[in-house]
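Below: one structure, written as structure tokens.
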Amino acid sequence: MTMGSGRRWWQSSQRLGCFGAVLFRLASTTNNSATAFGLHRIVRGYFTHSVTRDSAGQRRHRIFSQPSTSTAAGDEGLLQSDEESHEVNDADYEAPIEVLNGTAENFIVTKLYHVPIEGFRESSHEDDDVLSLSTVFSPDDIMRLRLESLNVTLPAALMLLDPDRYPTQSRARKVIRQRSICICRNRGNQSNTSATLEFDELGKVITRIHRGDAIGYQRRAGSDYYAVQGAPYRPPPFEVPVAYEDDHVAVVNKPAGVVMYRTLETEGGRGGGHGRDTLLSALPYVLRPSNFHDDIDDDGGGGGARNSTILRRPQPVHRLDRPVSGLVVVAKTKSAIVHLSKQFEFRKARKTYVAIVNGRPRKSTANENEASSSGWNTIDYDLDGKSAITEWRAVREVKSLHGRDGRLTLVELRPKTGRYHQLRRHMAWVCNSPLVGDTTYDEGDDSALRLRKRGLFLCSNEIELEHPHYNTQSGRKEWIAMGGREIRLGDALLWENEARGMVMIRARTELPAKFESFLRHEDARADKFLA
């Protein structure tokens, strides 16, 4: 073994460990070019590349047995993001300095590659790791595809410029056929700059790439920041009204029938069946990007970078079941998601639900005197061995042909704890009035079956919580500069609770139209047939 090969053997053992080093040595010493090519592919497929640039601006690829980056805990949020399984690994995106337009309207370039002005290397030197035509492609492929230093196919260029994202020609061709690759030609044989880039050519599998060209990966843009960060973009097939939004937090209205996030992989190996038709996937499309610039020590002692605190995509801090509609709180910064999550964990956030129940709810005799004075009844009934408390009051009662005792009741509910299906179980088991449309706890009798046609009647229509930013030291200054009193924004109210000394958010939404139409329909039918 020569001195050069011995040095490379020691370097490979340091980078790859014993297994990777053995493969590297076999690939370097074998006389069969096809075998060497296959072993190099195995090494590249099993280990992670780290892309850097040398003093001459050339991309250098170093291989590590473990990923060299870590994800901040705040970016994960309370709910695990289901988009991490997206075909393109969003966590590795390198955003261009400027937002560049793609080849079609509402598309922007989120990943940019520059083809070297001197072209690609045909072979690598012994002492470096720069990818070249001979290390990536077999001699047969080079001849068949007519690959040259200054003239390669688009799939080949992608494999040379970003082998982590495009490890094979099949992968590169698939992305190209999805109309995600665009090209800016270098017409003057000079390096393109971001100020002169104009992507006017859509890439095809047969497209040839020349020196100095720029290649872009484009995505649909709803809001530029979230798109640049790699959020998957497609207009959601449902509307998500925004009840309140600022640079730190948003409150959105989830429609009934929409899941919060994609289900986990099943035992059979198949992923969740909701695709991207989830609330989590729709949030980057309906919310505007945050313009918040964090102060390093929260004392005005310096301006932090924008990307250091803003979440790569908005994250809900609590959840609603699929058949439930209503307000969901969403964090837009890392500090907000921590603050808001603690409020829900320690039951500081106050939520109000409205439901239609089957029959006239039975009141608890232990709290009968309290209910007569305040209108609110308290249910203190343990669930799954844990304390569970719910407050409720009747708002409206109508006649019904199919309701228990010929009645349906519109009720307001305030959960004081957060047990599994707490509201539904308390109303069914304690008050003997299950929610209309509740297929799990309505006992399945004749009355319940006749009332299931319109779905579950449960809506989270009001929420009150502390603002995650205006109660901090720097946020207080902003709140005072805004007037420090009361600000009404659409269906939301931003105000200061003097008793608690906290800036609060109160958001409210109208009930879905099906609530009023169902009550009127049942009341009218009862009047018609019982008269």
Side-chain angles (χ1 to χ4, degrees), residues 4 7-8 11 27-28 33 36-37 40-41 43-44 49-63 92-98 100 109-169 171-173 175-176 181-218:
R7 180 170 60 255
R8 281 184 290 154
Q11 291 172 344
S28 303
S33 60
F37 172 75
H40 276 297
R41 281 294 179 88
V43 174
R44 291 213 320 276
H49 288 69
S50 175
V51 184
T52 59
R53 292 184 180 273
D54 59 17
S55 57
Q58 295 292 322
R59 294 171 64 90
R60 301 180 65 87
H61 301 264
R62 301 187 180 278
I63 307 177
D92 295 334
Y93 262 84
E94 301 174 10
I97 297 176
E98 299 180 9
L100 304 172
V109 175
T110 61
K111 181 72 175 177
L112 183 61
Y113 306 97
H114 288 284
V115 179
I117 194 65
E118 65 276 8
F120 296 104
R121 289 190 181 184
E122 294 187 356
S123 60
S124 297
H125 298 295
E126 292 185 356
D127 298 332
D128 63 33
D129 299 325
V130 177
L131 293 182
S132 64
L133 294 175
S134 60
T135 58
V136 175
F137 302 98
S138 66
D140 292 339
D141 286 340
I142 293 177
M143 293 184 60
R144 179 174 57 85
L145 300 174
R146 294 178 297 165
L147 303 180
E148 302 174 359
S149 175
L150 304 179
N151 186 344
V152 299
T153 62
L154 180 55
L158 292 174
M159 293 175 64
L160 290 165
L161 294 170
D162 197 344
D164 298 336
R165 206 178 302 276
Y166 309 101
T168 63
Q169 292 195 66
R171 171 62 183 158
R173 290 167 180 163
V175 176
I176 293 171
I181 302 298
C182 52
I183 301 168
C184 175
R185 294 295 185 183
N186 179 21
R187 297 178 175 84
N189 289 332
Q190 297 180 356
S191 297
N192 283 314
T193 62
S194 59
T196 61
L197 290 178
E198 183 176 349
F199 291 90
D200 53 4
E201 181 180 344
L202 187 64
K204 299 181 180 179
V205 174
I206 61 174
T207 300
R208 308 294 295 192
I209 298 299
H210 307 280
R211 62 177 183 173
D213 289 346
I215 304 173
Y217 180 90
Q218 63 179 5

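Just so you know, these numbers use all the heavy atoms, side chains as well, and skip hydrogens, waters and symmetry mates. Not measured: the values here are computed from a predicted model.
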Validation row: L160, F137 side chains within 4.5 angstrom (heavy atoms): yes
R208 vs D213 side-chain heavy atoms within contact, under 4.5 Å: no
Non-hydrogen side-chain atoms of L197 and H114 separated by less than 4.5 Å: yes
Contact summary for R171 and P167, nearest pair of heavy atoms: CG-CD, 4.0 Å
S134 (side chain) donor-acceptor with E122 (main chain) under 3.5 angstrom: yes
N151 CG to R211 CZ distance, which is reported to the nearest 0.5 Å: 11.5 Å
Minimum side-chain heavy-atom gap L147-T153 below 4.5 Å: yes
Side chain to side chain contact (heavy atoms under 4.5 Å, CB included) evaluation trace for V152 with L133: CA-CA 9 Å; V152 299; L133 294 175; 4.2 Å; yes
Euclidean distance, L158 CG relative to I176 CD1, rounded to 0.5 Å: 5.0 Å
Residues, nucleotides or ligands: over 12 heavy atoms within 6.0 Å of R146 CZ: no
Contact check, side chains of F120 and V115, non-hydrogen atoms, under 4.5 Å: yes
Rounded distance [0.5 Å steps], CD1 in I215 versus CG in L161: 5.5 Å
Y217/V109 under side chain to side chain contact (heavy atoms under 4.5 Å, CB included): CA gap, chis, key distance, verdict: CA-CA 5 Å; Y217 180 90; V109 175; 5.8 Å; no
Heavy-atom closest contact (G203 atom, L154 atom, distance): CA-CD2, 3.7 Å
Approximate separation, where rounding is to 0.5 Å, of R185 CZ and H210 NE2: 5.0 Å
Stepwise side chain to side chain contact (heavy atoms under 4.5 Å, CB included) test for K111 and D162: CA-CA 11 Å; K111 181 72 175 177; D162 197 344; 3.7 Å; yes
Heavy-atom check, side chain of I117 versus side chain of N186, under 4.5 Å: yes
Rounded distance (nearest 0.5 Å) linking atom CD of E198 with atom SG of C182: 11.5 Å
Where Y166 and M159 come nearest, the two heavy atoms and their spacing: O-CG, 3.4 Å
R173 side, atom CZ; I206 side, atom CD1 - distance, nearest 0.5 Å: 12.0 Å
Contact check, side chains of P163 and V136, non-hydrogen atoms, under 4.5 Å: no
